[in-house]
Novice: 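Have a look at the structure that comes next, please.
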2 protein chains.
Amino acid sequence: MKPTIYDVARRAGVSIATVSKVINRNGKISERTREKIVHIMAEMDYFPNLVASALSSKKTNMLGLLLPDISNPYFAEMSRHMEDRAFELGYHIVICNTDNRIDKESDYLTFLQQKGVDGILLATGAAHPQSLETLSEKKLPIVLIAREVPQLPVNTVLVDDFRGGYAATEHLLQNGHRDIAIIVESIDLASSRERLQGYRAALAEQRCPYREDRVVVSDFSIRAGMEAAGMLLDGPRQPTAIFACNDLLAIGTVQAARSRGLQVPEQLSVVGFDDTFLATVIDPALTTVGQPIREIARQAVDLLHRQMTGEEQAKQRIVLLPELVVRNSTSPV
Amino acid sequence: MKPTIYDVARRAGVSIATVSKVINRNGKISERTREKIVHIMAEMDYFPNLVASALSSKKTNMLGLLLPDISNPYFAEMSRHMEDRAFELGYHIVICNTDNRIDKESDYLTFLQQKGVDGILLATGAAHPQSLETLSEKKLPIVLIAREVPQLPVNTVLVDDFRGGYAATEHLLQNGHRDIAIIVESIDLASSRERLQGYRAALAEQRCPYREDRVVVSDFSIRAGMEAAGMLLDGPRQPTAIFACNDLLAIGTVQAARSRGLQVPEQLSVVGFDDTFLATVIDPALTTVGQPIREIARQAVDLLHRQMTGEEQAKQRIVLLPELVVRNSTSPV
DNA sequence: TGATTTTGGTTAACCGTTTTCTCCAAAACG
DNA sequence: CGTTTTGGAGAAAACGGTTAACCAAAATCA
């Protein structure tokens with residue numbers, strides 16, 4: 001049987017309270033007994049039961065991470081950085097893949113609460129203010145990543161999507177493109193809408209007309225990108241450039257072009273978004289709007305941590321700046 | 001304050017034992033009281049505290065998943081399937097990125113134990129029999145994925161790496177290649193050794209000489225693949241084909257070839273291993289040894305589950321078969 | 001009708017910590 | 001030398017459930 005704090009206490013001839021105090025380094029303990037107990041713990045191969053500890057202290061040192069799909073490299077990379085940072089701070093992360101489905105999302109949310117996670121990282125959810133509201137009522141610290149719920153005061157870490165959309169489009173315009181299509185991930189996501197707004201703003205800036213039929217709403221996968229780009233390329237007039245709102249879509253776009261015998265970038269320029277490692281995997285290497293993924297992840301975990309420790313009470317909104325990374329998938333028209 | 005089982009019991013005019021029984025659907029409860037309690041629970045918005053439940057029942061419904069790096073698509077895909085299956089069975093998964101470092105691995109291992117996970121999925125670890133041994137002493141169910149520790153009787157799910165290595169090499173030989181190099185991930189991993197053995201066996205079969213200097217030991221990343229392939233390609237005699245022991249290495253190999261002006265597959269055939277989604281992302285699409293990733297994941301979780309429930313006591317070893325997927329990165333010499 | 005089984009529920013111990021008091025002896029103080 | 005501080009440790013009550021043992025009332029049986 002695994003030794004408990006009682007076994008240690010008995011062996012050391014002290015009370016469990018004393019042992020508990022040396023474990024948690026609080027309370028007054030003489031150096032002599034401290035050493036004795038530490039020694040005995042090592043000898044018995046004793047490790048505190050964290051479930052019991054959690055029950056009594058109401059801290060589990062666990063964080064819930066909700067994201068659409070960890071097999072999407074953007075989220076995989078993000079979760080990696082989060083886990084790194086969380087581990088440094090003494091937390092563990094429970095992964096929840098929601099597929100952006102509201103039912104799974106709220107299932108996980110209640111599950112995580114029951115499990116007593118200390119905080120939640122929410123990188124999913126096409127805005128479900130209701131469940132968020134009940135969460136914030138319950139005082140469970142939470143930070144939203146790359147998602148916004150304007151109605152609610154809630155901690156958020158995101159990238160300036162408007163600026164990103166603007167930068168991508170501006171880059172294409174500067175290369176002389178006038179017929180630029182855009183493939184957005186979804187219309188429910190604030191981030192998508194922002195990128196689209198950035199696109200429109202850049203067009204307007206250069207007096208390039210905005211056309212509804214140049215906007216295709218798609219999804220998160222390469223396949224979706226292929227299909228969306230296919231529609232654009234098979235239409236009556238082919239755009240000379242496509243701004244795909246994430247790297248997977250951009251890759252799908254490149255593949256769609258290739259399968260129609262179009263050269264990228266000579267005959268079609270493509271810009272992506274995210275700058276996951278995929279951007280340099282495909283050929284041509286993708287020009288893309290780079291998100292500081294690692295920075296987003298760390299900021300999110302740090303912010304959550306500060307809220308959990310009560311170090312900071314005020315809700316905040318951290319906006320990071322994206323940066324256009326020019327590679328080989330774009331060229332002058 | 002969140003309601004507890006006491007609040008529910010008081011409100012229903014019964015003892016907490018009764019409430020507990022309706023929660024867990026065990027014990028004899030009349031339909032009438034059951035309904036009343038269910039109703040009251042809903043009304044009070046009561047959810048059992050799973051930490052408390054875990055403490056007394058000694059079940060956390062959590063599984064630990066150790067893997068080298070979730071941002072590696074192979075592991076990302078695997079973890080996704082595991083999480084899916086685990087969720088179906090009522091488990092949550094805690095992710096641990098070990099970077100194949102023994103210190104992180106054992107840190108996580110003790111941490112997970114303290115947390116009281118019900119089982120461990122171990123897809124990492126260059127063989128660290130000692131910590132495994134202590135684990136199995138502690139009766140903590142565990143299954144190894146794609147890793148072997150011959151010394152110990154332990155549950156394992158893996159792919160027939162020998163056969164995979166053989167198939168890849170055979171394919172190249174059948175295409176007339178006689179100078180086939182191999183890039184292995186590591187030499188500490190049983191899976192790598194098996195693939196290498198398969199490679200050697202295929203060569204021997206076709207009376208093709210095995211040469212030490214055609215074997216390069218590398219790592220898990222694209223960069224490592226580029227470097228390893230670079231060494232081979234910059235050597236005195238270029239191989240006509242390279243078998244890279246995972247898709248990332250294969251991609252690195254393709255990039256190394258490209259950066260030297262070599263056409264794949266015309267001037268260099270490349271075979272990968274894993275068949276992650278990356279295989280179809282790059283151009284040319286990768287010929288690769290396909291692992292049934294989803295199947296591996298599900299089998300692993302199911303096996304762990306059966307062990308945890310005591311449904312199956314005997315340790316087992318499940319071997320799945322890889323299948324060569326021929327695409328466009330290989331051609332006749 | 002009395003004995004026996006079944007049904008539906010209660011009591012209380014237990015899971016392994018944390019934490020607030022309380023207590024005592026020794027040190028410091030006037 | 002009597003009195004206050006203080007340092008170090010213990011007792012016991014949480015924390016919120018699970019579960020074995022037990023029991024009263026109702027149902028069944030001969």
Side-chain angles (χ1 to χ4, degrees), chain A residues 1-38 40-41 44-62 90 110-111 113-118 138-139, chain B residues 1-38 40-41 44-62 90 110-111 113-118 138-139:
Chain A
M1 217 45 227
K2 271 198 238 161
T4 71
I5 199 172
Y6 284 94
D7 303 319
V8 175
R10 188 174 325 121
R11 182 96 155 254
V14 298
S15 73
I16 58 166
T18 306
V19 178
S20 176
K21 282 170 192 158
V22 349
I23 293 171
N24 301 298
R25 304 178 167 59
N26 58 19
K28 305 262 165 210
I29 298 290
S30 73
E31 188 56 20
R32 228 171 119 276
T33 42
R34 205 191 65 79
E35 271 178 11
K36 181 168 70 180
I37 290 174
V38 166
I40 288 182
M41 291 195 299
M44 298 179 83
D45 196 32
Y46 165 79
F47 291 95
N49 176 328
L50 295 182
V51 175
S53 166
L55 177 60
S56 119
S57 70
K58 296 180 174 315
K59 297 204 144 300
T60 55
N61 290 308
M62 288 199 326
T110 73
F111 211 163
Q113 273 178 269
Q114 289 188 253
K115 278 237 134 71
V117 293
D118 296 337
K138 285 170 189 160
K139 303 280 175 219
Chain B
M1 216 46 226
K2 272 201 235 158
T4 73
I5 198 171
Y6 286 92
D7 302 318
V8 175
R10 189 174 324 119
R11 181 98 155 250
V14 298
S15 74
I16 59 165
T18 306
V19 177
S20 177
K21 280 172 189 158
V22 349
I23 293 171
N24 301 298
R25 301 180 169 60
N26 61 16
K28 306 258 163 218
I29 298 291
S30 74
E31 187 57 20
R32 224 171 121 275
T33 41
R34 203 191 66 78
E35 271 178 11
K36 181 169 71 180
I37 291 174
V38 166
I40 289 181
M41 290 194 302
M44 299 179 80
D45 196 32
Y46 165 78
F47 290 97
N49 175 327
L50 295 182
V51 175
S53 166
L55 178 59
S56 77
S57 70
K58 295 178 176 316
K59 297 202 143 302
T60 55
N61 291 305
M62 287 199 326
T110 73
F111 211 163
Q113 273 177 270
Q114 289 188 253
K115 278 235 134 67
V117 294
D118 296 337
K138 285 173 188 158
K139 302 280 176 219

Novice: Report for the helix from C:dT1-D:dA30 to C:dG30-D:dC1: angle between first-end and last-end helix axes, five pairs each, rounded to 10 degrees.
Specialist: 40°
Novice: Is there a donor-acceptor pair under 3.5 Å between the side chain of B:Lys115 and the backbone N or O of A:Thr60?
Specialist: yes
Novice: Roughly, in whole Å, what's the span from CD in B:Glu31 to C1' in C:dG9?
Specialist: 16 Å
Novice: Please report the closest heavy-atom contact between A:Thr4 and A:Tyr46, naming both atoms and the distance.
Specialist: C-CE1, 3.5 Å
Novice: Just checking B:Val51: base, sugar-phosphate only, or nothing, at a heavy-atom cut-off of under 4.0 Å?
Specialist: nothing
Novice: Return the value, rounded to whole Å, for the distance between atom NZ of A:Lys28 and atom C1' of D:dT5.
Specialist: 13 Å
Novice: Write down the distance between CZ (A:Arg34) and P (D:dG8), rounded to a whole number of angstrom.
Specialist: 12 Å
Novice: With heavy-atom distances below 4.5 Å as the criterion, would you say the side chains of A:Asn49 and A:Lys2 are in contact?
Specialist: no
Novice: Between atom CE in B:Met1 and atom C1' in D:dG16, what is the gap in whole Å?
Specialist: 11 Å
Novice: Please classify the nucleic acid contact of A:Ile29 as base, sugar-phosphate, or nothing, using heavy-atom distances under 4.0 Å.
Specialist: sugar-phosphate
Novice: Between P on D:dC15 and CG on A:Leu55, what's the gap in Å once rounded to a whole number?
Specialist: 9 Å
Novice: Just how far, in rounded Å, is P of C:dT7 from CZ of B:Arg32?
Specialist: 18 Å
Novice: State, yes or no, whether a side-chain contact exists between B:Val38 and B:Val22 at a heavy-atom distance under 4.5 Å.
Specialist: yes
Novice: Is any side-chain heavy atom of A:Arg11 closer than 4.5 Å to a side-chain heavy atom of A:Asp7?
Specialist: no
Novice: Between the main-chain N or O of A:Ile16 and the side-chain N or O of A:Ser20, is there a donor-acceptor pair closer than 3.5 Å?
Specialist: no
Novice: Which atom pairs link the protein and nucleotides 17-21 of chain C when you take only N or O atoms and keep those under 3.5 Å?
Specialist:
unit_1, atom_1, unit_2, atom_2, d
C:dT17, OP1, A:Tyr46, OH, 3.0
C:dT17, OP1, A:Asn49, N, 3.0
C:dT17, OP2, A:Ile5, N, 2.7
C:dT17, O5', A:Tyr46, OH, 3.3
C:dT17, O2, A:Ser56, OG, 3.2
C:dT18, OP1, A:Asn24, OD1, 3.2
C:dT18, OP1, A:Asn24, ND2, 2.9
C:dT18, OP2, A:Ser20, OG, 2.5
C:dT18, OP2, A:Asn24, ND2, 3.1
C:dT18, O4', A:Ser56, OG, 2.3

Novice: I'd like to know if the side chain of A:Gln114 reaches the main chain of B:Pro48, judged simply by a donor and an acceptor atom lying under 3.5 Å from each other, with no hydrogens or angles considered.
Specialist: yes
Novice: For B:Asp118 and B:Asn61, work out which heavy atoms get closest and say how close.
Specialist: OD2-N, 2.6 Å
Novice: Under 3.5 Å, side chain of B:Lys58 to main-chain N/O of B:Gly116, donor-acceptor pair present?
Specialist: no
Novice: Base, sugar-phosphate, or nothing: which does A:Gly13 touch, judged by heavy atoms less than 4.0 Å apart?
Specialist: sugar-phosphate
